[in-house]
Amino acid sequence: MQAMNSAGSDIRTTGTTPAWSSWYLTMPKLAVGLLVVLLIALLWLLQDNEKEEQRATLIADVLWLEQSFRFHLEGNAEQLLQLSLDLARSTDSDKLFDTRARHLLKTSPELAQLAWLDYNGVTREALPSHISPRQGAASGSTTRERTEDSFELAKKLGKPVFSRPYAAQGEFFFELHVPVYRGDQLTGMLVATHSIGGLVGQLVPWWFVEKYQLHIIDDDSTILASKSKIDAGPVTLSHQVALDPPGYGLALKAMANRVATSTAQNLIMTLIIFLAAAVFWSLWAIRGLMRHRLAAEQALRSEHAFRKAMEDSLTVGMRARDREGRITYVNPAFCEMTGFDANELIGALPPYPYWNPDEINRTRELHNRVLDGLAPPEGFELRFRRKNGDFFDALVYEAPLIDADNQHTGWMGSVLDITERKQAEELARQQEEKLQATSRLVTMGEMASTLAHELNQPLAAISSYNTGCMNKLDSGKYTPEELRGAMEKLGVQAQRAGKIIRRVHDFVRKSEPQLADCDLAEVIDDAVGFIEHLAQKRSVRIEREIPGWRQPLLADQVMIEQVLLNLMRNAIEAMSETPPESRRLSVRVTQHDGLIEVRVIDNGSGIADSVMERLFTPFFSTKPNGMGMGLNICRSIIEYHKGRLWVENNPDGGTTFAFTLPLQLP
Ligand code: ADP
C-alpha cells in the first residue's frame with residue numbers, strides 16, 4: 001500500500017506541465033541546426049581559402065612567367081647588342097654575322113629571322129633568308145609602318161628598341177631593332193624577328209599549361225598566342241601582367257578553371273546533410289514519441305487519481321494476495337474494517353492478524369481453497385477479528401488477479417462487513433417469529449369457539465358413554481363385553497379430545513419450524529376443522545377438491561395449516577357482501593411439474609388494483625380490526641418451504657389465492 005502510495009506520489013511530482021518537453025525538444029533541434037550551419041560555413045571557408053591560395057599561386061606563376069619572358073628577351077637583346085659591337089669591330093663582318101646569327105637562331109628557336117640592315121633599312125643579310133615575315137608584310141601596311149617606326153626610333157635613340165606586334169603569314173611577330181655603330185656612326189641595324197607563338201611555345205613550361213590557359217593579348221584584348229592543355233571551361237580565376245618588353249600593351253593572361261571540389265569534400269558535405277536530416281528526422285520521431293508518452297502519462301495520472309478517489313471512497317474492503325498467500329495490497333476500507341494499519345498487513349502470511357482464532361482451521365481451509373482457485377463464486381461468509389478484539393461477520397468474494405502481461409499473479413478479495421446486516425436479519429427473524437406467534441394467538445381467539453364446539457362433541461360422547469356405563473352398572477344387567485365396548489369408545493373420544501387439545505397446543509407454541517413428512521389432505525382437513533365453525537356462522541359452504549393420491553410432502557404441518565387458515569378466513573370475510581346462498585369457499589389441490597398447487601377460491605368482493613399492489617406489505621389491511629400481517633406471514637412461510645404464493649382475481653368474481661409446495665421426490 002505504502003509502496004503504491006509512494007509510486008502514486010512519484011507520478012504526481014513528475015507531472016509537470018508539458019512546456020519543459022517542448023524546450024527539451026527545441027534545444028537539440030537548435031543545436032543540430034547550428035552545427036549544420038557551422039559545418040557548412042567551415043566547408044565554405046575551406047573552399048574559399050583554397051580559392052585564395054589558387055589565386056595567389058596563379059599570380060605568382062604569372063609573375064614568374066613574365067619574368068622569364070623578360071629575362072629571355074633581355075638576353076636576346078644583350079646578345080644582339082654584343083653582336084652589333086662585334087660587327088663594328090670585325091674585319092670579316094659578314095662571316096661573323098653568319099656564324100653568330102646561326103648560333104642565336106639555334107639557341108632561341110622563337111626567332112623567326114635575324115636580319116642585318118644597312119643604314120637605309122635595306123637588308124644586307126638575313127638568316128634564314130627564305131622566310132621574311134617583315135618583307136611579307138605589304139609595303140605601306142600598318143606592319144611596315146610599325147617596324148619602320150621602331151627602326152627610326154632605334155636609330156634615333158641609338159639603343160635596342162622593340163617594335164609593335166604585327167601579323168604576317170597567319171602568325172604574330174614583333175621585332176627587336178639593335179643599331180650597329182662603327183665608331184660613333186650608325187652603319188646599320190640588327191633586326192631579330194620574334195614569333196610570339198614561338199616565344200610562348202619555348203618559354204611556357206608544361207606544368208604551367210597543365211594548370212592554366214595562357215594567352216598573350218594586345219591592348220585590344222586580341223589573342224596573339226595561346227597555350228593550354230586544359231579544357232576551356234568556365235573561368236573563375238584569371239590574372240594578367242604587362243609583357244614589357246616588348247611593351248605596346250602586350251600582356252600575359254593566365255586563366256584557371258573553377259576550383260574543382262574534391263570528391264572527399266563532396267562526400268563529407270553529402271554526409272553532413274544526410275546526417276543532419278537523419279538527426280532532424282529522429283528528433284521529429286522523438287517528438288512524436290514524447291507527445292505520445294506525455295499523453296499516456298496524463299491519462300495514467302487521471303486514471304490513477306480516479307482510481308485513488310474510487311479506492312478511498314470504497315466501503316468494500318479490498319485485499320490482494322500473491323499466489324503464495326502474501327498480502328500485497330489492502331485498501332483504506334479494509335484497514336478501517338480490521339483496525340490494522342496497511343503496514344501491519346502488507347507482506348503478512350497466514351494466519352493473518354485478523355483471522356478469528358476460534359475458526360482458524362476453517363479459515364485456513366477456505367484460504368487454501370482460494371489459493372487453489374476453488375473459491376465459491378457466490379462468495380463465502382467468515383468471522384474476522386478486529387485489532388481491538390471485536391468480531392465482525394464478513395462476506396468475501398475472491399477473483400483472480402491478472403497483471404498487464406496477462407499473468408495470474410494472485411487473488412483480489414472484496415470483503416463486506418455484514419455484521420449489521422446479519423444482526424438486522426436476526427432481528428427481523430425474531431420479530432417475524434413473534435408476529436407469527438401473535439398472529440397464531442389472534443387466530444386462536446377466533447378459534448376458541450370452534451375448539452369449544454369441537455371439544456363439545458367428544459366430551460358429550462364421553463359423558464353419554466359414561467352415563468350409559470353408570471346406568472348399566474347401577475342396573476346390574478351388563479356383560480363385561482358391553483362395558484368394555486362402551487369404555488373403549490369412551491377412550492377413543494377421550495383420545496380425540498386430547499388430540500384436539502394437543503393440536504391447539506402445537507399451534508400456539510412458539511418453536512422453530514420443524515419439517516417433517518406430512519399428508520396435505522390431513523392438513524387441509526385439520527384447517528377446515530378449525531374454520532368450520534366460523535364458516536357455518538357466516539353461511540359459507542366449504543368444498544374440498546382433493547385427489548385421492550397421497551404424495552409425501554416435507555413441511556411444517558402447523559405452519560401450512562396456519563397459511564390455509566389465514567387464506568380461508570380472509571376468503572370467508574371477503575364474502576360478507578355475497579348473497580348467503582352463493583357463499584362458497586373451494587380448496588382445490590392439483591399436482592404438476594413436481595409441485596403441489598393449492599388454490600383457495602372464493603366468490604367474494606375481489607381485490608381492487610390499488611389494494612393488489614400492497615396486499616403483501618406488512619400491516620396493510622382494509623379491515624377495521626385487521627392486523628395486516630396475515631398475507632405477509634403466509635408468503636414468508638411458503639417461501640421458507642421453497643414455494644410461491646400469489647393472488648388472482650377470478651374472471652366471474654371473487655379471488656383465488658394459490659400457493660405451491662415442492663414435492664418430496666424419491
Ligand atoms: P388482515 O386480514 O388482517 O387485513 P391480511 O394480510 O390477511 O390482513 O390481508 C390484507 C388485506 O388483503 C385484507 O385487509 C383484505 O383487504 C385483502 N384480502 C385478503 N384476502 C382477500 C380475499 N380473499 N378477497 C378480498 N380481499 C382480500
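Note that ligands are numbered from 1 as they come in the structure, with each ligand's atoms numbered from 1 the same way. Small disclaimer: the values here were computed from a predicted structure and weren't measured. All values below were derived from every heavy atom in this structure, side-chain atoms included, with hydrogens, water molecules and symmetry-related copies excluded.
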Inset, instruction - Could you tell me the residue and atom name of the protein heavy atom closest to atom 4 (O) of ligand 1, and the distance to it rounded to 0.1 Å? - result: S621 OG, 2.6 Å

Legend entry - Electrostatic pair E425:R429 at N-O distance under 4.0 angstrom: no

Inset, instruction - For the pair E398 and R319, find out whether any cationic side-chain nitrogen is under 4.0 Å from an anionic carboxylate oxygen. - result: yes

Inset, instruction - For atom 8 (O) of ligand 1, grab the closest protein heavy atom and report residue, atom and distance to one decimal in Å. - result: G628 CA, 3.3 Å

Legend entry - Atoms in ligand 1 flagged as close to G606, the criterion being non-hydrogen separation under 4.0 Å: 25 (C)

Inset, instruction - Write out the residue and atom name of the closest protein heavy atom to atom 17 (C) of ligand 1, then the distance separating them to 0.1 Å. - result: L615 CD1, 3.8 Å

Inset, instruction - Report the member of V600, T622, I607 with the shortest heavy-atom distance to atom 16 (O) of ligand 1. - result: T622

Inset, instruction - Could you check atom 19 (C) of ligand 1 against the protein and tell me its nearest heavy-atom contact, residue, atom and distance included? - result: N570 ND2, 3.5 Å

Legend entry - Protein contact of atom 2 (O) of ligand 1 - nearest heavy atom, named by residue and atom, plus distance: K623 NZ, 2.7 Å

Inset, instruction - Please work out which of N566, L631, D602 has its closest non-hydrogen atom nearest to atom 6 (O) of ligand 1. - result: L631

Legend entry - Heavy-atom nearest neighbour in the protein, as seen from atom 10 (C) of ligand 1, with distance rounded to 0.1 Å: F620 O, 3.4 Å

Inset, instruction - Considering only NZ, NE, NH1 and NH2 on the basic side and carboxylate oxygens on the acidic side, decide whether E365 and R369 come within less than 4.0 Å. - result: no

Legend entry - Pair K477 + E482, salt bridge at N-O below 4.0 Å: no

Inset, instruction - Return each pair, listed once, that meets ring-ring contact (aromatic ring centres under 6.0 Å, His included) where at least one residue sits in residues 354-377; pairs must be two or more places apart or across chains. - result: F334-Y354, Y352-Y354, Y352-W355, Y352-H367, Y354-F384, W355-H367

Legend entry - Salt bridge E545-R599, side-chain N to carboxylate O under 4.0 Å: no

Inset, instruction - Could you tell me the residue and atom name of the protein heavy atom closest to atom 21 (C) of ligand 1, and the distance to it rounded to 0.1 Å? - result: F657 CE1, 3.7 Å

Inset, instruction - Check ligand 1 against A574 and write out every atom of the ligand that is under 4.0 Å from a heavy-atom position of the residue. - result: 22 (C), 24 (N), 25 (C)

Inset, instruction - Considering only NZ, NE, NH1 and NH2 on the basic side and carboxylate oxygens on the acidic side, decide whether K387 and D341 come within less than 4.0 Å. - result: no

Legend entry - Derivation of the salt bridge (charged side-chain N to carboxylate O under 4.0 Å, His left out) call for E297 and R293: CA-CA 6 Å; E297 259 178 32; R293 229 187 107 175; 3.5 Å; yes

